[in-house]
There are 2 protein chains.
Amino acid sequence: MAPVIERRSIQFSLDPKSGVPYYKQIILQVEFAIADGRFATGDQLPTVRSLAVELKINPNTVARAYNELEIRGIVTTQQGTGTFISEKQLQLTEVEREGALDGLIRPLITKAASYGFTMNEVLTAVREGFEGMEHREDSES
Amino acid sequence: MAPVIERRSIQFSLDPKSGVPYYKQIILQVEFAIADGRFATGDQLPTVRSLAVELKINPNTVARAYNELEIRGIVTTQQGTGTFISEKQLQLTEVEREGALDGLIRPLITKAASYGFTMNEVLTAVREGFEGMEHREDSES
DNA sequence: CCTATTGTATTAAAGAACTAGTACACTACA
DNA sequence: TGTAGTGTACTAGTTCTTTAATACAATAGG
């Protein structure tokens, strides 16, 4: 058999009934794939057209998802070339990183506290959440 | 001077320019006040009409906020009587509590990991977030 | 009872969000 | 240089969200 070329790629899918807009579903799936190890720095995402065909939606909808991901610094796009997982995380300053994390966490704290959860409960749940992720550290080529 | 009757009440306010819908702003302020200690179990919230007048909005908008809070189990409402901070948190089963917490935390984990934050960074930020809250444990009459 | 006070239901209007159609612009490479 | 492949801009139409106007229903207390 011919050797299978190892291309990082993930299986996208949309749920029209979920009420979650398509472009957000795409964003979430990319974020999850990164968190997961299925996408890594430098990997190319499907082109807007190919993913649009695959998902049977308009290219602009894919483009919108990619755009938001770029604004968040998660991907980098080059017109004419493609969209790639960014290396920007490593370039953020400490202050920027802390600010971003704070923005993610602050609403969680408030809600958790309103629901009566203690700090330790939240800490434990976060720890378990991370551990349940099973980073797939596949050998890199 | 006449003694001031200690009525738990919070100062609500709306920012029309924030882009956050009024009913969500109200929900957030109630949640925050609970997390904060300014509202405690059994306290009565302002009536839908009084708060509507105070904020110069329609009573239905306040009612919607209170409704969502009730769905989430944070308040209890009785037609003809009023809306009160619920005691339900304490009545949830362990399983229900864990499920609720998981729902809050799972999106955070994914996003934090996508942004390249480590588990320890997140744990530290959560800890600091809780500690910065300064629960106001006022004496309960 | 009856009245004042509470939350609720129904409907409608304004605006924002979402998706798609179509045409444009940049890049790589033969 | 020209062609195929990439992302982008502009526009329009539909749907959903949000808020409000108005009328209804339940409770508490004289």
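Within every chain, numbering begins at 1; the chains are lettered A, B, ... in the order of the sequence lines, protein sequences first and strands thereafter. Just so you know, these numbers use all the heavy atoms, side chains as well, and skip hydrogens, waters and symmetry mates.
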Just the atom pairs and distances: protein N or O near nucleotides 28-30 of chain C's N or O, under 3.5 Å.
none

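- Taking only distance into account, the side chain of A:Arg49 never meets the base of D:dG5 through a donor-acceptor pair shorter than 3.5 Å.
- Within residues 60-70 of chain B, the residues approached by DNA chain C to less than 4.0 Å at the level of any non-hydrogen atom are B:Asn60, B:Asn67, in residue-number order.
- Linking ILVMFWY side-chain heavy atoms closer than 4.5 Å, directly or via other members, places B:Leu55 and B:Ile10 in a single hydrophobic cluster.
- Taking B:Gln25 as the reference, B:Leu14, B:Asp15, B:Ser18, B:Val20, B:Tyr22, B:Gln29 meet the side-chain contact (heavy atoms from CB on, under 4.5 Å) condition, with sequence neighbours excluded.
- A:Pro107 has its side chain out of reach of B:Phe32: every pair of non-hydrogen atoms, C-beta onward, lies at least 4.5 Å apart.
- Under the side-chain contact (heavy atoms from CB on, under 4.5 Å) criterion, A:Val53 pairs with no residue at all, not counting sequence neighbours.
- In this structure, B:Asn58 places its CG atom 14 Å from C1' of C:dA14, rounding to the nearest Å.
- Under a 3.5 Å cut-off, the side chain of B:Ser114 and the backbone N or O of B:Thr110 do form a donor-acceptor pair.
- Within the structure, a side-chain polar atom (N or O) of B:Thr77 is placed less than 4.0 Å from OP1 or OP2 of C:dT8.
- Under a 3.5 Å cut-off, the side chain of A:Asp43 and the backbone N or O of A:Phe39 do not form any donor-acceptor pair.
- The pair A:Glu68-A:Lys24 does not meet the salt-bridge criterion, since no charged nitrogen lies less than 4.0 angstrom from a carboxylate oxygen.
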Distances under 3.5 Å only, N/O to N/O: pair up the protein atoms with those of nucleotides 11-13 of chain C.
none

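- OP1 or OP2 of D:dG7 lies within a sub-4.0 Å distance of a side-chain N or O belonging to A:Thr83.
- The heavy-atom pair separating A:Ser86 from A:Thr41 by the smallest distance is O-OG1, 3.6 Å.
- With hydrogens and angles disregarded, a donor-acceptor distance shorter than 3.5 Å links the side chain of A:Glu70 to the backbone of A:Thr77.
- Here the P atom of nucleotide C:dT19 and the CD1 atom of A:Ile57 are 8 Å apart, to the nearest Å.
- Using a 4.0 Å cut-off on heavy atoms, none of the residues of residues 18-30 of chain A approach DNA chain D.
- Each of B:Pro59 and A:Gly82 has a nearest nucleotide on DNA chain D; the 5'-most of these lies closest to A:Gly82.
- A:Gln79 places its CD atom 7 Å from the P atom of C:dT27, with the value rounded to the nearest Å.
- Across the protein-nucleic acid pair, B:Gln44 atom CD and C:dT5 atom P stand 14 Å apart, rounded to whole Å.
- In this structure a side-chain-to-backbone donor-acceptor pair under 3.5 Å is present from A:Glu96 to A:Thr93.
- Side-chain contact check for A:Phe130 versus B:Leu123: every heavy-atom pair is 4.5 Å or farther apart.
- Residues B:Leu108 and B:Leu28 do not share a hydrophobic cluster, clusters being chains of Ile/Leu/Val/Met/Phe/Trp/Tyr side chains in contact below 4.5 Å.
- Ion pair A:Arg72/A:Glu31 flagged as a salt bridge, since at least one NZ, NE, NH1 or NH2 atom sits closer than 4.0 Å to an Asp/Glu carboxylate oxygen.
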